[in-house]
Protein chains: 2
Amino acid sequence: MRISNDELGKQAYKRVKQMIVSKKLVPGQKIVQEQLAAQLGISRTPLRDALQMLEAESLVESIPRRGVVVRKFSNEEILEIYDCRIALEGAAIRLFVKEASDAAVGSLRELIMPFKVDRPINENAYQKADSKFHDTIIKNCGNRFLYNLFQKGNLLTCIDSIGLVRAPEETLQEHMAIIEAIERRDVSAAVEGIQEHLEKSKRLILKNVKDGN
Amino acid sequence: MRISNDELGKQAYKRVKQMIVSKKLVPGQKIVQEQLAAQLGISRTPLRDALQMLEAESLVESIPRRGVVVRKFSNEEILEIYDCRIALEGAAIRLFVKEASDAAVGSLRELIMPFKVDRPINENAYQKADSKFHDTIIKNCGNRFLYNLFQKGNLLTCIDSIGLVRAPEETLQEHMAIIEAIERRDVSAAVEGIQEHLEKSKRLILKNVKDGN
DNA sequence: TTTTTGTATACTGTATACAAAATTATTATT
DNA sequence: AATAATAATTTTGTATACAGTATACAAAAA
């Protein structure tokens, strides 16, 4: 019996990714292989495997013969990601409305409902729920390829890393409207709802960029 | 043992990828590392780097302790990819129509026009032009992230590998209609045009699947 | 001072070594 | 002859060794 069925490279991938999203490794920081490998208790070989995977996900950038640095996402790139999300999540929710089980739909409600009653809203918890809300729709839309594309592209991760864009009170209402549209199996309202929801956040970021952060 | 400024891993990635798309390595085939490394004249280390990259792109599947095999795309997956393309290329062409230079638009026309006069249509050449047509729109839409997502997801590569889905005579007309919509900067006609263009191919594949290949 | 050059050190990319697991071949047992 | 058990071989994952490149830093020149 194997202790862990993951090989070291995959394990390291998860741990380093976690270090990046939790900002233990900050954007722009150079990763010294031997150092990080020692810290993880492994050799450079599986660490390099991990870095290779992270590079494929654009979480890290490798400059030949110079090393790998944690990638940072510019505001322009965040806007680009929003456009990808609008397109892909539109497609995902269209499928989700048509094919998702009542259980999956129910889990969406359970995710968001608590925040309608508990005041004040715990921003940290809300952001997690927000993330999971979108993830649930994409994961359960029935298109596996789309979900993988989303995951491997870190469409959610990248945007999560900038924190809440708008006030929970504002987006909570939108989330509820989307859930209701799904529940009455209203495809166009659901698509419209999620796309406008994302568009609003995008517009706010765009505005902030123009005003110089 | 330095041949170019690319490191061996990146070089090997390109060569092995080429071997996969050109069917020199066929889906389902197991890759024996030492063997392929020797064939490429490198050691296992950079080859493993290459395989790691290919796995991140889903062109290859790695089963721990058992090896890596060339991935094959089922018909179901091809259909899933079409839905992703419909979503993303819709977004891309929307941006392209608004922002692309006249030169970029012109290059689209140059790509397709020759096939309107030369008869009979060279299917091989046409497929290449078809691929380039879509690639041009995505590459020049101004959203770099979207283009990278497309590339890394191999959305075009996967579908190209199954060959022409419909007769050139049929799709040629659609391509021309799309170009004309772009030229008169008609966003909704262009979006509609490319999405319906893809939808038609998807429906044909779906039909073939139902009829049992 | 600032710039340049030389040298030591650190780090990366690649090859190789080695143990553990998987696969294949061989023998033994019914 | 079919199945099980065992040994031999292959192959993978990981660690380590090594060569070459980049970086840091001190001494010399401007």
Side-chain angles (χ1 to χ4, degrees), chain A residues 1-20 24-72 152, chain B residues 1-20 24-72 152:
Chain A
M1 181 184 267
R2 194 103 53 54
I3 299 159
S4 160
N5 38 2
D6 263 10
E7 59 260 336
L8 293 183
K10 288 252 163 52
Q11 282 178 251
Y13 159 75
K14 289 176 189 165
R15 291 179 64 185
V16 178
K17 182 166 181 174
Q18 190 51 40
M19 289 170 87
I20 292 173
K24 284 197 65 174
L25 292 170
V26 301
Q29 182 176 350
K30 180 185 170 182
I31 290 173
V32 180
Q33 296 174 5
E34 194 128 19
Q35 194 173 302
L36 184 53
Q39 194 178 326
L40 297 175
I42 58 179
S43 77
R44 277 176 60 215
T45 308
L47 175 63
R48 291 185 109 255
D49 290 349
L51 294 177
Q52 210 95 48
M53 299 180 216
L54 291 166
E55 191 191 3
E57 287 188 15
S58 295
L59 287 180
V60 119
E61 187 174 7
S62 166
I63 301 139
R65 289 263 159 215
R66 306 200 138 200
V68 354
V69 299
V70 180
R71 203 117 133 34
K72 64 164 168 285
K152 294 233 351 67
Chain B
M1 188 182 272
R2 188 90 155 289
I3 307 159
S4 81
N5 40 2
D6 258 13
E7 57 266 291
L8 293 183
K10 288 253 164 52
Q11 282 179 252
Y13 159 75
K14 289 176 191 167
R15 292 179 64 184
V16 178
K17 182 166 181 173
Q18 190 51 41
M19 289 170 88
I20 292 172
K24 285 196 65 172
L25 292 169
V26 302
Q29 182 176 350
K30 180 184 170 184
I31 291 173
V32 180
Q33 296 174 7
E34 195 127 21
Q35 195 174 302
L36 183 53
Q39 194 179 325
L40 297 174
I42 59 179
S43 78
R44 277 175 60 216
T45 308
L47 175 63
R48 291 184 109 256
D49 291 348
L51 294 177
Q52 211 95 48
M53 299 179 216
L54 291 167
E55 190 191 4
E57 287 188 16
S58 295
L59 286 180
V60 120
E61 187 175 7
S62 164
I63 300 138
R65 284 270 159 209
R66 308 208 134 196
V68 353
V69 299
V70 181
R71 205 122 129 30
K72 65 162 167 285
K152 294 235 352 68

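Everything quoted here is computed from the prediction, not taken from an experiment. Here is the naming used below: chain letters follow the sequence lines, and residue numbers restart at 1 for every chain.
At whole-Å resolution of the value, CD in Gln52(B) and C1' in dT12(D) are 13 Å apart. Taking atom CD of residue Gln33(A) and atom P of nucleotide dC11(C), one finds them 10 Å apart after rounding to whole Å. Taking atom CG of residue Asp49(B) and atom P of nucleotide dG13(C), one finds them 9 Å apart after rounding to whole Å. Going from atom CZ of Arg66(A) over to atom C1' of dA22(D) covers 7 Å, rounded to whole Å. Whole-Å rounding puts the Lys10(A) NZ to dT12(D) P distance at 14 Å. Across the protein-nucleic acid pair, Ile63(A) atom CD1 and dT21(D) atom P stand 18 Å apart, rounded to whole Å. For the pair Leu47(A) CG and dT16(D) P, the interatomic distance rounds to 14 Å; values are reported in whole Å.
When the side-chain nitrogen and oxygen atoms of Ser43(B) are compared with OP1 and OP2 of dA15(C), one or more of them lie within a distance under 4.0 Å.
Here Lys30(A) lies in heavy-atom contact (under 4.0 Å) with sugar-phosphate atoms only. If you check every strand for non-hydrogen atoms under 4.0 Å, Ile31(B) touches sugar and phosphate atoms only.
Toward the 5′ end of DNA chain C lies the nearest nucleotide of Gly67(A), the other residue of the pair Gly67(A) and Thr45(A) mapping further downstream.
No hydrogens or angles were tested; on distance alone, a donor-acceptor pair under 3.5 Å links the side chain of Arg44(B) to the base of dG13(D).
With dA15(D), dG13(C), dT12(D) as the candidates, the nucleotide lying closest to the side chain of Arg65(B) is dT12(D).
With no hydrogens or angles considered, a side-chain donor-acceptor pair links Tyr13(A) and Glu57(A) at under 3.5 Å.
Remark: Gln52(B) CD to Leu51(A) CG distance equals 10.5 Å, nearest 0.5 Å.
For Glu34(A), the CD atom is loosely surrounded, since the number of other residues' heavy atoms within 6.0 Å does not exceed 12.
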